[in-house]
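Worksheet for the structure shown next.
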Amino acid sequence: MKLRALLFSFFVVGLSASLFSQSMSVLNYINELGNKPHAVYGDAVKLIVLDMGEKTLGFQNDLAVLNSKNITSGYALDENTALRKGVLARLIARYLDLSDSLFYNIFETERYAFRACVAAGIMVSNGSEWDPVSGEELLEIMRMTAEISGENR
Amino acid sequence: MKKRIVIVIGIIMYFCVGTVFAADATVVSVKGTAAYNLSGKWLPMEAGMKIKEGAKISTGVKSVVVLRLANSTVTVKPLSMMKIYQDKLVNNTSDTKIAVRRGGVSAEVNRMQEVKTVFKVATPVATSSVRGTVQNITVGYNTTVFTTPSGATEVRNRVGQVRVLSGDLRFEESKNGTGSVVRNREFKNNVADSNITPEERLALEHNGEDSPDGLGGALDMGNALFLKSGGGLNLQLSWP
């Protein structure tokens, strides 16, 4: 009986520690992302999964989560592909289901997804869908995205 | 005798210098994941901890930290990073300086008559001095925004321009140094022929300026109306 209680307590402590270490590894990743000069496709996928409240278990698993919700459908990009504003805007527009933009609703292209994100206050208008995204900029965009996704729930 | 003299001098010096306390910040609550960094390594943050001066604080996705400083409460919003530069109680003066690197914080400063309160927030593009009571600061990639829902705040940018914010005013400072004070409320301008149908008016209000480049924007419509009316224009202004 005592041995069982001891084993159970070790199990609980070990589980808590591993969950805690995963949270800290995510936070370390976010802090390092803020210093990256260029974000990549895998960063966007990961942050959207985190915003959804899901656990991030590697790029392929994260991609499967977003594919199941048609957020990344049509994209066959490598994890380390440099992230452009157009790609990010389209992922976010699908994730948030931005429907206020007439031309995005009709064409659903990266160009109009970018405009829809600008109209929603998620991105700024200086620049275009072809611009690269830095790590810090990606964090700011995801922060704005989180505010809207939090309001929608 | 010499010992007594040294002790007396020491006591006199102690009271002359005054009582200085470096007040540790207290973590009131942590929602989600947060960490602090004091010696080069990020460590998990929990409610009830004491955080020393010089510590950086970082929050994760959907995570919020509430800190209790010397005479104020700071709420660190998700995906944010800030640093506590100074948090002191010197006699009857509370002196707190924090810096926000990215993200947003909300600072609520307690104003007490017997305590002189100095609360400054530094960002990469501007510094604000809270005169009480509540201030919101958001540091973005392109723009830093200061608002003061309650009380007043003095904001100084890198070129020395000073603005005092209160009420519904918002100060935006961009990376290239152009700062402006705007009102939080937005006013929308629509230009349209007065003979449009209710459905067309509803579509215009809904879609606004959402049209391809170079086609039928507000300026084009305004020009068309001006020419059509032979140089005159009736203007109706509707304020929200």
Side-chain angles (χ1 to χ4, degrees), chain A residues 16-17 19-35 39 46-54 56 99-107 111-112 115-116 118-119 121-127 133-147 149-150 153, chain B residues 30-37 40-46 56-65 76-83 100-105 124 136 138-145 172 174-176 178 186 188 202-213 215-216:
Chain A
S16 307
L19 288 174
F20 216 39
S21 65
Q22 190 190 48
S23 300
M24 280 306 299
S25 70
V26 168
L27 199 48
N28 284 332
Y29 159 76
I30 288 170
N31 290 331
E32 284 168 13
L33 178 61
N35 295 325
K46 190 168 187 169
L47 287 176
I48 293 175
V49 167
L50 287 171
D51 191 69
M52 289 166 66
E54 305 278 347
T56 171
S99 56
D100 289 345
S101 172
L102 175 67
F103 284 90
Y104 173 67
N105 285 338
I106 296 171
F107 298 110
R111 176 183 173 85
Y112 292 113
R115 286 168 178 248
V118 169
I122 298 167
M123 293 184 176
V124 294
S125 58
N126 58 337
V133 182
S134 69
E136 194 177 329
E137 198 171 7
L138 175 60
L139 287 176
E140 182 189 355
I141 291 168
M142 288 311 302
R143 189 170 46 249
M144 302 304 297
T145 302
E147 283 185 16
S149 67
R153 286 181 195 157
Chain B
V30 176
K31 177 194 161 193
T33 308
Y36 72 99
N37 184 335
K41 190 179 175 185
W42 289 99
L43 299 170
M45 182 183 284
E46 295 172 9
K56 290 183 194 173
I57 292 148
S58 168
T59 52
V61 178
K62 296 185 186 301
S63 302
V64 176
V65 169
V76 186
K77 297 178 183 176
L79 290 175
S80 302
M81 186 187 284
M82 60 159 275
K83 181 174 180 177
V100 181
R101 184 178 181 291
R102 67 163 187 260
V105 301
N136 295 327
T138 303
V139 177
Y141 182 74
N142 293 296
T143 310
T144 297
V145 178
E172 297 179 357
S174 65
K175 258 188 176 178
N176 60 9
T178 54
E186 292 180 2
K188 190 194 293 186
L202 188 63
L204 185 64
E205 286 175 3
H206 182 72
N207 297 316
E209 294 294 327
D210 189 9
S211 60
D213 288 337
L215 295 177

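Per chain, numbering begins at 1; letters A, B, ... match sequence-line order. Fair warning: this is a prediction, and the values are worked out from it, not measured in the lab.
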- Task: Select, from B:Thr143, B:Thr138, B:Leu79, the one with the greatest count of heavy-atom pairs under 4.5 Å involving chain A.
- Result: B:Leu79
- Message: Counting heavy-atom pairs under 4.5 Å with chain B, which one of A:Asn126, A:Leu47, A:Asn31 comes out on top?
- Response: A:Asn31
- Roughly how far, to the nearest 0.5 Å, is CG of A:Leu139 from CG of A:Leu33? 4.5 Å
- Task: Please look at A:Met144 and chain B and tell me whether the side chain, the backbone, both or neither of the residue comes under 4.5 angstrom of a heavy atom of that chain.
- Result: neither
- Message: I'd like to check B:Val139 versus B:Pro124 (side-chain heavy atoms, cut-off strictly below 4.5 Å). Are they in contact?
- Response: yes
- Item | OH on B:Tyr36 to CG on B:Leu43, rounded to 0.5 Å | 4.5 Å
- Message: I want to check something: taking the side chain as every heavy atom from C-beta on, are B:Met81 and B:Val76 in contact at a cut-off of under 4.5 Å?
- Response: no
- Tell me, side chain or backbone of B:Thr59 under 4.5 Å from chain A's heavy atoms, or both, or neither? backbone
- When heavy-atom pairs shorter than 4.5 Å are enumerated against chain B, which of A:Ser134, A:Ala119, A:Gly34 gives the highest number? A:Ser134
- Message: Evaluate B:Arg101 against B:Ser58 for side chain to side chain contact (heavy atoms under 4.5 Å, CB included), listing each step before the verdict.
- Response: CA-CA 10 Å; B:Arg101 184 178 181 291; B:Ser58 168; over 6 Å; no
